[in-house]
Every structure is written in C-alpha cells, then in structure tokens.
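Each residue takes its place number in the sequence, starting with 1. Treat the numbers as computed from the prediction; the structure is a model and nothing was measured.
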Amino acid sequence: MTTLTHRPDTLTRDALAVLQPGFHGTTAPDWLLRRIGEGLTSVGLFGRNIHTPAQLAALTAQLRAERDDILVAIDEEGGDVTRLEVREGSSFPGNYALGSVDDVELTRAVARELGSRLAACGVNLNWAPSADVNSDVNNPVIGVRSFGADPVLVARHTAAYVEGLQSAGVAACTKHFPGHGDTAVDSHLALPRIDVGVDTLHARELAPFRSAITAGSKSVMSAHILLSALDPDRPATLSPRILTGLLREELGFGGLIVTDGIEMQAIASTYGIERGSVLAIAAGVDAICVGGGLADEGTVLRLRDALVDAVREGELPEERLADAAARVRALADWARRVRGASGPGAAAQEGTAPGAGTSAAGGPDIGLVAARRAVRVRGTVEPLQEAPYVASFATVANIAVGDETPWGVAAELTALLPGTEAGTYGSGSGAAEVLAAAGERRIVAVVRDLHRHSWMAAVLDGIREARPDTAVVEMGVNHAEPAGSPHIATYGAAPVCGRAAAEVLTGRSV
C-alpha cells in the first residue's frame, strides 16, 4: 500500500477521479499507485499491459490493493479489436458476424462469456459495444466493428450485448455517441463530419443508443465527430448540446459519459488535450479516456492541473467537475458491489436490465459456434484434399485494430492440411507474383474489405483469370460482388472466423 505524505484537496481529487489513464508495463508503476492513492479512480488497459490471464489478474489485484473500488477498463470488442488476446487473436467473432447471424440470444451469450473472462481477470469496465450503424460502406474505422447497416438490427443487438456483458458483472460502455458509422474519416487521424438532417440522425444513428439506454448501459462513450445538424461548431465530445441537451436531457441517460481517447487527432490537433479535456467536462463528460498513445505520469498531471486551473479561473464550474467525479465513483461502487456479490444473478440484482441473465447457454466454445454460424458461402465447395497456397492481401490496419493481432486462414488451414504454404501481399504486388509463389497448388485468396481497395481487386482478377478455381475468403465487410470458386464470407477476421472458413474449405473440423 502506498503511503501518502499529504492528502490532496477535494478539487485535486475530483480532477484525478475523472481521468482514465493508461500506462506502460505488465505491472502497475509506482507513479500510478501514488495517483490512485490521491484520488485516481479509473485505469485503462491496453494490449501492451497484457500477456496472460494470470498476469492480468495479478495486475488488477495490485491495483485493488491500492483502491478496492478501482475501475479497470479495457477496449475488448472481440473480433478484430481485442486487447485480452492481442497477440493470439480473439476467441470471439466481432459485431458484424453477430449481426449477420441476427440471433440476439447468441449475441447475448457471446457478450456474457466475454464479460465472464474479463471479470475473472479483474476487469470491470469494457469500452464496448460499438453501436455505430455502418451506413457508409467505405468507413475506414468502423466496418466490421458494427453489427451492420440496418439501425433496427443494430439496436436490438446492441441491447443484447449490453445485457450479456453486464450480466457478467462488467459495465458496458456503448460507443461512439451519437454514431460514427456514416464517416469516411478515421477520428484517430482527423475530425470526421456528418452532414445529414436531424430526422435521419434520430432514425439511424440514435436508435441503437436508445436501445442501449433502455437496456441499462452503465456508460456511453462520446465520438470525436462533428454533426452539423446538432452542433455546427463543436465535435460531440465537446458539445453541451449533444452531451447534456441530447444524451442527458432528451434521451434520459443517467450513467457515466466517457470520451473516446482524448489524444486522438480529431481533438488533440485542434484543441490540444488540456483544453479538450476542460471543454469535454464542461460539456457534460464525466471521464476522460487517455492512454492509448500518451501513457505517462506527465500526461496525467497535465490533465489534472488543467482541470484544477480551469475551476480556479472560473472557466469550469466546480459543481460540474464534482458531479462528474461523483458519477465515476458511483460506477466504481456498482462494480465493487457486483464483484463482491455471490450467487447466480448477482449482477442483475445490482442494476443490470431484467432478463439479462436468461440468455441461451454460452460456454467457452460459444465464440466458435457464433463464427461457424456467421459464415456465408457462394458457389460450390469442393473440399481441399491437398495443402493449398494461401495468399493474404494486407492493408494498413486502423489504429483501433492495430497491427499486432494475427488474422487470416493460413494457420487454421495448416492445422487441417499440414504443408500449407502462405504469403502476404500489399498494394505493390501483382497477380504474377502470387501465381509464381503458388506454383501448382490450389490458391486460397484472403481479402478484407475488397470493395475499398482497387489494387486488391485488380490482383484478384488477375489470379482468377489464370486460376478460375481460386477460392476467395472475404474477412471484412462483404460488399463487393462475390468472386471465387467458392466465395466464403466470414464477416470478421478473428482466428475463430478463420477456423470456420478453414472448416468449410476442407470439409473437416479443426
């Protein structure tokens, strides 16, 4: 236990309480433990902090030795976005696969099992699910992270996911409010803008958030996007009209409002993280997420001091900061009580929506069950009898997904057909290169978001012209005209999706 030499004043403790910082390493650094002792109430975990479930459990125990009700948050969507299994790939398909199956009981069961694994490691706040309606098929950052393009479908699966996750004792954080699906810009890199009317926003973007609120989502994450019909001047994260007027007052959300990463360029390059944090709290935000890129003590102190100074200079009402800190502590108390409760249904008794614990049976294999159900096949499958050549077409991963996490079907096909060979190809590659590497082997071409990449489509056309029996596996948004013999859509690139595709290609189970 860290010993404090002085007790910070209430204002300083409140400023620390509204931060959700990250850090480097697989154990908590001394500076972080000191700040927890001074009032820090939340910590964010990323892939760099996690090696094994046992190590993660030891890390969260270390944090709770400083503060029993600490909120330990993570960005664990499953599918393409995983931190718990960042080096192995997720055991669960993502939202797009679940939406394609369209079985809310399955979605609820997957979320409950994922939540159970997080809870077992001491994580009690998940920055998920994504409730974005992927209405722009060229969206560079949402895509398979969305349940789909139909607002009604997205709404029912968002609610089921919230219920399943919270029935396991892990608070959901529904994102990215008021909806990041109709954007062609990644807010990690710049400020996206959506220019549609209020009626469209209410019917499309907001529908899943209404369902999440009804389902009892404990928190909501704001998006760094400009919606001109709601606020032409400020992005949602910094907009009182959107966060207080719309989310709090009109939609009636009473839980915790969390920002997306405040160091993302949509905020940092325009306002700076200190100014952005002050404006966010003033607009109605309760917690500032920071640490995906800036994960050091200096960042925490800069943001703490910016908030304190803003209150002292009259720019930020002290009552608003105190209210935000109180909401953080209230969620921390909920999470502590749920963790301490015993017996089935304890999470539901602590405030999760009724019926959340009555989903279909899950279990450790529920992710594979879901991935198998999501697969869609066009054309005739003639099971592979000999080891093929797997050509994977790689693009630059967006920051939310990262480039550490493996994807594809090569490893899964190798397990079924030893001797399988593979290669990875980028935008500078050509069909001749792939054909030469494949030799006489049957080719399995693996793509992601084929419709978004003309170079990929051109190479694939060249391969198929020379080798019409090429099998195509689409592991992204399944929007391009199906091509290949057969064409297999997995609706996500997690290893379980690759395994499901390999089983179809071979007619065997891994």
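Contact of the Phe92 side chain with the Arg117 side chain is registered, since non-hydrogen atoms from C-beta on lie closer than 4.5 Å. Residues Asn95 and Tyr161 have side chains in contact (heavy-atom distance under 4.5 Å, counting atoms from C-beta outward). Within the 4.5 Å cutoff, side-chain heavy atoms of Pro235 are placed close to those of Leu238. Asn138 has its side chain within reach of Arg452: a pair of non-hydrogen atoms, C-beta onward, lies under 4.5 Å apart. For the pair Thr107/Phe147, a side-chain contact is recorded, criterion being any heavy-atom separation below 4.5 Å from C-beta on. Counting heavy atoms from C-beta on, the side chains of Val133 and Glu205 never come closer than 4.5 Å. Residues Ile366 and Arg112 have side chains not in contact (no heavy-atom distance under 4.5 Å, counting atoms from C-beta outward). No side-chain heavy atom of Asp136 sits less than 4.5 Å from a side-chain heavy atom of Thr183.
Taking every heavy atom of both residues into account, Gly115 and Leu165 meet most closely at CA-CD1, 3.6 Å. Summarising the geometry of Ser42 relative to Ile70, their closest heavy-atom pair is N-CD1, 3.8 Å, with the distance given to 0.1 Å. Between Leu307 and Ser277, the shortest heavy-atom contact is CD2-O, 4.0 Å. The shortest non-hydrogen separation linking Arg87 to Pro406 is O-CD, 3.4 Å. Of all heavy-atom pairs between Asp233 and Tyr271, the closest is O-OH, 3.9 Å. When all heavy atoms of Val154 and Pro208 are compared, the closest pair comes out as CG1-CG, 3.5 Å.
Between Asp286 and Arg248 there is a salt bridge, since a side-chain N of the basic residue sits under 4.0 Å from a carboxylate O of the acidic one. Remark: Arg34 engages Glu297 in a salt bridge, criterion side-chain N to carboxylate O under 4.0 Å. Taking the charged nitrogens against the carboxylate oxygens, Arg327 and Asp323 do have a contact shorter than 4.0 Å, which makes a salt bridge.
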**Residue pair Ser91, Glu85: steps toward the side-chain hydrogen bond (donor to acceptor under 3.5 Å, both in side chains) verdict** = CA-CA 8 Å; Ser91 300; Glu85 300 176 279; 2.7 Å; yes
**side-chain hydrogen bond (donor to acceptor under 3.5 Å, both in side chains) assessment of Asp102 paired with His157** = CA-CA 8 Å; Asp102 195 14; His157 285 277; 2.7 Å; yes
**Request:** Could you walk me through whether Leu206 and Phe177 pass the side-chain contact (heavy atoms from CB on, under 4.5 Å) test, one step at a time?
**Result:** CA-CA 8 Å; Leu206 295 178; Phe177 185 84; 3.7 Å; yes
**Prompt:** Are Leu246 and His202 close enough, and set up right, to give a side-chain contact (heavy atoms from CB on, under 4.5 Å), and what steps lead you there?
**Reply:** CA-CA 11 Å; Leu246 177 60; His202 276 270; 4.1 Å; yes
**Message:** The test is side-chain contact (heavy atoms from CB on, under 4.5 Å); show your working for Asp296 and Phe23 and say whether it passes.
**Reply:** CA-CA 6 Å; Asp296 58 279; Phe23 60 94; over 6 Å; no
**Request:** Please assess Ile225 against His176 for the test side-chain contact (heavy atoms from CB on, under 4.5 Å), listing each intermediate value before the final yes or no.
**Result:** CA-CA 9 Å; Ile225 57 176; His176 307 82; over 6 Å; no
**Message:** I'd like to know whether Arg339 forms a salt bridge (Lys or Arg N to Asp or Glu O under 4.0 Å) with Asp68, so could you lay out the CA-CA distance, the side-chain angles of the two residues, the decisive distance to 0.1 Å, and finally the verdict.
**Reply:** CA-CA 10 Å; Arg339 182 170 54 89; Asp68 184 53; 3.0 Å; yes
**Prompt:** Would Thr82 and Glu77 satisfy side-chain hydrogen bond (donor to acceptor under 3.5 Å, both in side chains), going step by step from the backbone distance to the final call?
**Reply:** CA-CA 6 Å; Thr82 178; Glu77 299 177 15; over 6 Å; no
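Using a distance-only test at 3.5 Å, with no hydrogens or angles considered, no donor-acceptor pair links the side chain of Thr405 to the main chain of Gly89. A donor-acceptor pair is defined here as one N or O able to donate and one able to accept, closer than 3.5 Å; no such pair exists between the side chain of Asn124 and the backbone of Leu71. Of the possible donor and acceptor atoms, none in the side chain of Thr299 sits under 3.5 Å from a partner among the backbone N and O of Ala295. In terms of modelled atom types and a separation under 3.5 Å, the side chain of Ser130 and the main chain of Ser146 share no donor-acceptor contact. Without hydrogens or angle criteria, Asn126 side chain to Ala172 main chain gives no donor-acceptor distance under 3.5 Å. A side-chain donor-acceptor contact under 3.5 Å links Gln62 to the backbone of Ala28. Remark: side-chain polar atoms of Asn139 are paired, donor with acceptor, to backbone N or O of Gly181 under 3.5 angstrom. Although no hydrogens or angles enter the test, the distance criterion places a donor-acceptor pair under 3.5 Å between the side chain of Arg320 and the main chain of Ile281. With Asp69 contributing its side chain and Asp333 its backbone, the two residues share no donor-acceptor pair below 3.5 Å. Checking side-chain atoms of Gln166 against main-chain N and O of Lys218 turns up a donor-acceptor pair under 3.5 Å.
Note that CG of Leu56 is 8.5 Å distant from CG of Asn49, once rounded to the nearest 0.5 Å. Within the model, atoms CE of Met221 and OG1 of Thr174 stand 10.5 Å from one another, a figure rounded to the nearest 0.5 Å. From Trp407, atom CH2 reaches atom CZ of Arg448 across 5.0 Å, with rounding to the nearest 0.5 Å. Taken from NE2 in His24 to CG in Leu32, the straight-line distance is 12.0 Å, to the nearest 0.5 Å. For the atom pair Ile242 CD1 and Glu250 CD, the distance stands at 11.5 Å (nearest 0.5 Å). From Glu274, atom CD reaches atom CD1 of Ile288 across 11.5 Å, with rounding to the nearest 0.5 Å.
Using bins of under 30°, 30° to 60° and over 60° for the plane-to-plane angle, the ring pair Phe46/Trp127 lands in the tilted bin.
When Thr26, Val123, Ile74, Leu59 are each tested for a side-chain contact (heavy atoms from CB on, under 4.5 Å) with Ile50, only one passes: Ile74. Arg67 pairs in a side-chain contact (heavy atoms from CB on, under 4.5 Å) with only one of the listed residues (Thr41, Val43, Leu33), which is Thr41. Between Thr12 and the options Thr10, Asp9, Asp14, a side-chain hydrogen bond (donor to acceptor under 3.5 Å, both in side chains) holds for only Asp9. For the pairing with Val162, the side-chain contact (heavy atoms from CB on, under 4.5 Å) check across Cys173, Ser211, Ser167, Ser217 returns one residue only, Ser217.
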